[in-house]
Each structure stands twice: as structure tokens, then as C-alpha cells.
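Here the structure is laid out as C-alpha cells; the discussion comes afterwards.
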2 protein chains.
Amino acid sequence: MARTTGSTSVETGQRLRRAAVSLFARHGYAAVSMRQIAAETGVQVGALYNHTTDKQSLLFDLLSDHMDDLMAALDQVVLPADPVLALEAFTRFHLRYHAERPDAVFIAYMELRNLTPENFMQVESQRRAYEARLEEILRRGKAGGVMHVADVKLACLAIIALLTGVTTWFRPAGRLSQAEVEDIYWDMTRRLVDA
Amino acid sequence: MARTTGSTSVETGQRLRRAAVSLFARHGYAAVSMRQIAAETGVQVGALYNHTTDKQSLLFDLLSDHMDDLMAALDQVVLPADPVLALEAFTRFHLRYHAERPDAVFIAYMELRNLTPENFMQVESQRRAYEARLEEILRRGKAGGVMHVADVKLACLAIIALLTGVTTWFRPAGRLSQAEVEDIYWDMTRRLVDA
DNA sequence: GTCTATATCCGGATAGAC
DNA sequence: GTCTATCCGGATATAGAC
């Protein structure tokens, strides 16, 4: 189906990526076929290969670009010098950014094992760079005596797990609004480090 | 390869399940073939079907039995009447139980989407029953004024996410021992509810 | 209960016309 | 850039001998 005239390479490429993100999130990378992706994109199978070299590259690009976007978005946030305020800013940013892209977030941590070892290492290092930002905040808070952090690395992992877990159940039409969830989670995060 | 004499149905069935858990955890349900499972089990493909009706049933049985075992193990734990002590007991139980079966835990929350809708509903209800135990503790702690819990449901989900996240990185040979991790996570959990 | 062999289908990826 | 047609390997599951 779907328009063969008027379509540019960029547009089809975008539709392909959106289709892949949606399908991978719902069924998992390994369970989704290139035929399904083609159908969702609105082209025939062969045409996909004008926009990606193979299925693995498609997954890698989605994950790697997601991490790039996440880092770039965090860089736009002005993190206050005060560690507690910085932690609040980080918490709210993380929740909001993830709430806006549930599918991309979901595959970013569910499909890591379907990357080739080289691709996995690359994405892992991007993820560590992101976590390092949080670790730095916790380290400053601990050094300044305004947070109780027994172990910076563990607190970092705990907070990330805590916050990212929201994406597994949050629905905009649910009992709580995004803003309410954000407030409650910031409250819990703050208490977790005793700030 | 593999003994055809001296093997009983039960033994092969156990080996099959162990092989499946290990492979599913490493590569994901959809990415693992029955051939691989057969090789790891030490039998030929056809023999697998004496012990499971199909691949989907195999996954379902693993997940459902895991949830049953988890509930049964929790039932063995004597939860103190005091909510804070009960939360500590729950936290330590959860960490220890999950640390002992990293593979089973991993697939129990990674492979939910590969269940058929009916099977998914069944396992989901088992999972909710487990979470209800934690919710009850938090509800009592809040009612008794010994915990600060803005929202019981969210605190429950947050704590589960926090604790279960440990399985994604914990290795016995790592920087911290199981006991150290347990203490630090109980400390963070306690602070999270301000107990 | 396990084996070998096979039916049947679906997967990723490519070739070549338009 | 997209289409149709196809190669080819590997998937689940079954049949029938031992």
C-alpha cells in the first residue's frame, strides 16, 4: 500500500524506524520479522534494505541514537550547583524524558542482549556515560554532607532502576498524572539519599 | 553426548528445564531454538516433546512455577508484626531469593511479552499476589505512622524495581558480597519510606 | 523414552525489472 | 527508491523405528 510517489528516502527511513521501535517494544527484536516491519512501514520487504544494511544495524542504530539523544537532552538541562537541587533536576528530567518515549526506553534496556558484542560494548559505554552524570551528583552530595549515600555506585544503580521502572506501568490515562508521579518519585528519591 | 540408559523421564525433564532457563536468560526466548535446547539438554530434538507439549508451554511452565516457588518461599518467612521489621525481612528475602536464581528471575520479567495473552494473564496475577504482600506491609507501616509513604502502590512498585534491579548487575565475584549488598539495599529501602 | 528423518513453514537477505 | 520473485538456511513439530 502506501504511497510510492511523493515519498523521499528520509520519510521512509523515519517510518521504518518508528515501525521498528513500536514492533520491537511490543514483541521483542527476535520475535519481529523484517516482513512485519515492512508492513508497518508501508513498503515491501526489499525496500527496507535501502534504509538499513540489515536487521542488526537497525537495532543498533535505534539504541545508539536513543542514548545519544538522551545525553544531548541531559546536556540541555542546567544542573544546579547544589547537589540536592541537581538530583531533583536529574530525577525530573529522567522521568519526563522516559515518559515521552516509552517504546524507545523499553527496547534500550530490553534488547541489549540482542546486540552483537561490539555493538553492545558501544551502547554500554554510552549508558555508563549517562550514569556517570548521576554518580557525580551523588558524589558531590555525599562529599558535601547533604546526602547519606553508603555507596555511590549502588545508589546510582538503585535510583536508575527505581526511575526507569516507571515506564513499565505508567499510562497517561492512569490513576495519577505525569506531574503527580514525578512529585512522588522525587520524594522517594530524595528520601532514599536522605536529602 | 548423553546417556540414553539410566535416564528417567524426571531427570531429562529437569535437565530440559535447566537448559531452557539458562538459554532463555542468555539469549531470550524468541532467539533460542528447540535445537539449541536439545543440545544443551543432551538429547535430540524429538525427545524434547516427551517432556513439553511445545515451546510456549515450556516458557509458561518456567515462569508460572517460578512465581509459585517465590510465593511458597515467602510464605515460609515469618514476617514480624512490626511493619518496619517486616519490610526488612521482605527486603532481605527478596534480595536473597533473587540472587540465588538470577536466570529464573531474569526471564520472569523479561519474557512476559512472549507469553500468549492467556498465559500472560495467569503469570501477571501471580506477580500481583506477590506484590500484594509488600503492599500490605507498606499499608500497615503508613497506617501506624512508622513509615512515610505518599502512595502505597507507587512505593511498592518502586521498591520492587529497586530490589529486582540488583539482579542485572550483581555478580558473586564482584566488589561487594551478597551480605554487603543486602545491607546497603535495606538501608536505601528503609530510607525510601523514611522508617 | 530416545532416536533419525522429514513435513511444512517462515526467517533474512538479494536480484533485477521498472 | 520500490517492486516482485527467489535463494537458502533454519525454525517448530511430528512420524515411525528401536
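Here is how names work: the chains are called A, B, and so on, in the same order as the sequence lines, proteins then strands, and each is numbered from 1.
B:E11 has its CD atom 14 Å from the C1' atom of C:dT2, to the nearest Å. When rounded to the nearest whole Å, the span between CD of B:Q36 and P of D:dA11 equals 7 Å. When rounded to the nearest whole Å, the span between CG of B:L23 and C1' of D:dA11 equals 16 Å. Rounding to whole angstrom units, CD1 of residue A:I37 and P of C:dG12 are separated by 7 Å. What separates NZ of B:K55 from C1' of D:dT14 is a distance of 17 Å, to the nearest Å. Taking atom CG of B:L58 as the reference point, atom P of D:dA13 lies 10 Å away to the nearest angstrom. As rounded to whole Å, 14 Å separates atom P of C:dC3 from atom CE of B:M34. Counting to the nearest Å, the P atom of C:dA5 and the CG atom of B:L48 are 18 Å from each other.
For B:Y49, taking side-chain heavy atoms from C-beta onward, the closest of the listed nucleotides C:dT2, C:dA13, D:dT14 is D:dT14. Distances were taken from every side-chain heavy atom of B:Q44 (C-beta onward) to each of D:dT2, C:dC3, C:dA13; the shortest belongs to C:dC3. Considering only the side chain of B:A47, C:dT2 comes nearest among C:dT2, D:dA13, C:dA13.
Side-chain atoms of A:H148 and B:R191 include a donor-acceptor pair closer than 3.5 Å. For the 3.5 Å distance criterion, the side chains of A:E40 and A:Q36 fail to qualify, holding no donor opposite an acceptor. No hydrogens or angles considered: nothing links the side chains of B:N119 and B:Q122 as a donor-acceptor pair under 3.5 Å. For the residue pair B:H94 and B:T164, a side-chain donor N or O sits within less than 3.5 Å of a side-chain acceptor on the partner.
Taking 3.5 Å as the limit, the base of C:dG12 and the side chain of A:R35 contain a donor-acceptor pair of atoms between them.
Under 4.0 angstrom from either OP1 or OP2 of D:dG1 there lies no side-chain N or O belonging to A:T12.
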